[in-house]
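Since the model is a prediction, treat every value here as computed from it, not as a measurement. Chain letters run A, B, ... following the sequence lines, proteins first, then strands; residues in each count from 1. The figures that follow rest on heavy atoms only: side chains count, while hydrogens, waters and symmetry mates do not.
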2 protein chains.
Amino acid sequence: MTNIRDLARVAGVSVSTVSRVLNDHPYVADDKRQAVQQAILELGYIRNQTAVHLARGRTKTIGVVLPYVDHPYYSAILQGIARRAFDAEYRFLMWQTNYEEERERLALQALSQREVEGLIVVSHALAPEEFLKFEDYGRIVFCENHPNVSTVYVDHYAGFRSGLEELIRLGHEKIGICLSREHSVNSIARKKAYFDLVPDARQEWIDTPALTVEDGARIASRWLASNERPTALLIASDYVASGVYMTLRKAGIRVPEDISLIGFDGHPLSAVMELTTISIPCEEIGGEAFRLVTESDKTERIILPFELVSRKTTSVRTNV
Amino acid sequence: MTNIRDLARVAGVSVSTVSRVLNDHPYVADDKRQAVQQAILELGYIRNQTAVHLARGRTKTIGVVLPYVDHPYYSAILQGIARRAFDAEYRFLMWQTNYEEERERLALQALSQREVEGLIVVSHALAPEEFLKFEDYGRIVFCENHPNVSTVYVDHYAGFRSGLEELIRLGHEKIGICLSREHSVNSIARKKAYFDLVPDARQEWIDTPALTVEDGARIASRWLASNERPTALLIASDYVASGVYMTLRKAGIRVPEDISLIGFDGHPLSAVMELTTISIPCEEIGGEAFRLVTESDKTERIILPFELVSRKTTSVRTNV
DNA sequence: GTAAAGTATGAAACGCGTTTCATCGCAAGA
DNA sequence: TCTTGCGATGAAACGCGTTTCATACTTTAC
């Protein structure tokens with residue numbers, strides 16, 4: 001492997017000059033610059049990035065912590081991060097955690113070991129404080145609403161509220177909700193909105209987990225089997241909502257005549273399924289998180305908007 | 001930043017001994033080991049991974065080249081890679097390319113610069129030969145069928161054949177297909193299967209691109225507007241097939257009475273949509289590709305199985 | 001009892017690019 | 001003519017952990 005010193009020898013210059021040529025620094029005479037470039041071609045020299053990282057003391061790499069990749073919400077955020085990272089000539093390492101704390105800790109370890117310069121925590125199991133212990137090693141940006149941290153998020157309380165208000169406006173009183181996980185910050189906010197706004201809110205009308213289409217099918221089956229059925233469901237993911245929708249239709253239930261459904265995320269799927277949904281800018285969450293983690297030097301909180309998109313799975317309550 | 005030499009000084013040993021302790025080498029006396037561990041705690045020492053990478057001459061990192069993350073096929077493969085990489089204590093860098101050659105070249109550059117030890121090329125725009133030029137720098141594994149390369153793939157010719165045979169068996173003669181991209185290896189294989197097996201195969205019944213649900217909606221609209229309609233569609237992705245399905249149903253077309261649909265991938269969505277599909281083990285593709293790129297030392301070709309899963313979007317042709 | 005084998009440890013080299021600091025030539029300003 | 005000052009360049013230090021090699025002391029083995 002030829003290195004910068006070989007280059008210097010062949011070109012008849014010092015290593016500093018070679019480095020200057022490599023990095024397009026000024027103050028290099030044309031003839032020497034050409035001699036170096038000639039040597040590079042002759043020896044087939046290729047820069048060792050690892051050495052550059054060590055010498056510069058930075059890796060131009062960030063870490064991304066998320067539970068699953070094969071889930072549209074997370075992959076959309078990841079897409080946003082990837083896009084922005086590419087433009088900024090940054091790389092990113094991903095920790096796909098399944099919400100296992102041990103895996104999240106590995107990402108923190110990488111941060112402290114200076115393998116990554118910052119961390120985007122899309123969703124996590126570990127307490128936020130555990131993350132903040134590592135703040136000295138690099139910026140940590142969350143995609144969930146925690147106090148006193150840099151974060152890019154959507155106000156899920158308000159988002160759920162808008163969905164619930166819509167259902168109430170349509171005359172629904174027996175409303176159920178489906179939450180992705182039991183105890184996440186988002187779920188807590190959403191649950192609060194539920195109990196704040198729905199007079200007849202009931203613990204047994206909260207279904208969880210709601211992450212996959214299969215969860216949707218399960219939720220629909222449960223609904224079918226229950227003797228006191230909500231007339232409307234606000235579901236934390238379009239994917240899950242699609243599962244619910246299809247399973248109910250299969251069972252002969254008419255949507256929205258028999259039950260109203262509202263999804264969440266605004267995934268393209270919701271459009272072809274004509275699902276009413278609360279749309280959020282997932283890619284932008286990722287992009288902004290990347291911007292914060294690389295550019296910002298103070299704690300920043302970015303709240304991105306949501307939008308209730310009414311389509312064909314919601315209507316005025318007709319039955320009891 | 002305290003380093004290994006500070007540690008040596010404080011512990012009263014040499015740097016070699018410190019390194020031995022850090023790496024659990026044998027041949028370190030207990031008292032010295034403890035002295036080093038004590039020093040580590042005292043000084044709050046944290047290993048610099050970049051230095052380790054440089055010294056060891058390896059990064060335990062591989063690169064992944066794929067066009068999009070927010071697409072279920074790719075994210076499922078990525079999930080497989082991520083899972084396996086975690087177990088092997090490997091990291092991976094991702095190049096999300098949008099099929100832009102320039103972006104793919106950046107991944108190759110990273111390989112040559114020893115930033116990554118190998119490359120998994122899930123799908124690509126650049127000619128395979130362009131990749132193979134870089135084989136000296138590390139193993140390159142494809143997830144598509146190219147000659148003379150390490151690859152993990154599904155036989156898409158056979159896969160499409162099985163779908164087409166099923167449709168023919170059901171009495172369909174006017175069969176259309178939807179391909180993800182015009183000129184990918186997979187599409188070429190699939191197109192060949194189409195022309196080999198379907199007597200009335202027509203160029204105008206090949207629809208492309210077919211990557212997103214929106215593509216599905218577009219394809220369905222085209223079908224609705226055409227005057228000579230295929231009675232069956234074999235679609236290269238469940239996502240797209242879902243889009244087709246929902247859009248046709250919206251328009252009052254009965255599936256499978258008026259048209260049979262077969263999807264591809266075996267995505268969970270196909271189950272709740274009751275879509276007939278050709279199921280392939282996406283996660284396993286990723287996992288095996290990871291295994292090859294890190295463990296194998298010769299060119300290996302792994303062909304993974306597919307399976308036709310008959311559900312409710314296919315039936316005997318009833319109309320003309 | 002002596003050779004062979006194993007245990008323990010440190011100095012120094014190594015991987016490799018970047019950056020600081022000193023130096024020197026030469027041109028512009030006084 | 002003398003002083004600034006900029007342009008150009010190299011030596012050496014730096015970032016930091018790993019590994020090789022030599023050395024020296026203990027144990028086993030015969």
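Comparing B:Leu22 and B:Leu54, the nucleotide of DNA chain D nearest to each residue sits closer to the 5' end for B:Leu54. Heavy-atom distances to DNA chain D give each of A:Ala51 and A:Thr17 a nearest nucleotide, and the one nearer the 5′ end belongs to A:Thr17.
Not a single donor-acceptor contact under 3.5 angstrom links the side-chain atoms of B:Arg5 to the base of D:dG15. For B:Arg114 and C:dG15, a side-chain-to-base donor-acceptor distance below 3.5 Å is absent, hydrogens and geometry of angles not being considered.
Considering OG1 of B:Thr97 and CD of B:Glu102, their distance stands at 11.5 Å, rounded to 0.5 Å. Between B:Gln49 atom CD and A:Arg114 atom CZ the span is 10.0 Å, to the nearest 0.5 Å. With rounding to the nearest 0.5 Å, the separation of CZ in B:Arg181 from OG in B:Ser123 is 4.5 Å.
Only one option out of B:Lys298, B:Glu135, B:Arg301, B:Arg139 pairs with B:Ser150 in a side chain to side chain donor-acceptor pair (under 3.5 Å); it is B:Arg139.
Among the atoms of the strands shown, base atoms are found under 4.0 Å from some heavy atom of A:Val15. Using a 4.0 Å heavy-atom distance criterion, A:Arg47 is classed as a sugar-phosphate-only contact.
Nearest to the side-chain atoms of B:Asn48 among the listed nucleotides D:dC16, C:dC16, D:dG10 stands D:dC16. With D:dA11, D:dT20, C:dG17 as the choices, the nucleotide that has an atom nearest any side-chain atom of A:Tyr45 turns out to be C:dG17. For B:Ala55, taking side-chain heavy atoms from C-beta onward, the closest of the listed nucleotides C:dT19, C:dG15, C:dG10 is C:dG15.
Using modelled atom types, one side-chain atom of A:Gln96 and one backbone atom of A:Pro67 make a donor-acceptor pair closer than 3.5 Å.
A:Ser14 has no side-chain polar atom (N or O) that falls below the 4.0 Å cut-off from OP1 or OP2 of D:dA11. The side chain of B:Asn3 contributes no N or O atom lying less than 4.0 Å from OP1 or OP2 of D:dG15.
Taking atom CZ on A:Arg58 and atom P on C:dG17, their separation rounds to 19 Å, with Å as the unit. Between B:Arg20 atom CZ and D:dT18 atom C1' there is a gap of 10 Å when expressed in whole angstrom units. The nearest whole Å value for the distance from the CG atom in B:Asn23 to the P atom in D:dT19 is 7 Å. We find that NE2 of B:His53 is positioned 23 Å from P of C:dC14, with the value rounded to whole Å. Put simply, CG on A:Asp30 is 10 Å from P on D:dT9, counting in whole angstrom units. For A:Gln49 and C:dG15, the CD to P distance is 19 Å, given to the nearest whole Å. If you measure from atom CD1 of B:Ile46 to atom P of D:dG15, you get 17 Å, rounded to the nearest angstrom. Between the CZ atom of A:Arg56 and the C1' atom of C:dG15 there is a distance of 17 Å, rounded to whole Å.
Using a 4.0 Å cut-off between charged side-chain N and carboxylate O, A:Arg83 and A:Glu283 make a salt bridge. The existence of a salt bridge linking B:Arg84 and B:Asp87 is excluded, since no basic side-chain nitrogen approaches an acidic carboxylate oxygen closer than 4.0 Å.
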Which atoms of nucleotides 6-8 of chain C (N or O only) lie under 3.5 Å from a protein N or O atom, and what are those distances?
unit_1, atom_1, unit_2, atom_2, d
C:dT7, OP2, B:Tyr27, OH, 2.4

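Relative orientation of the B:His71 and B:Tyr74 rings is tilted, given thresholds of 30° and 60° on the angle between their planes.
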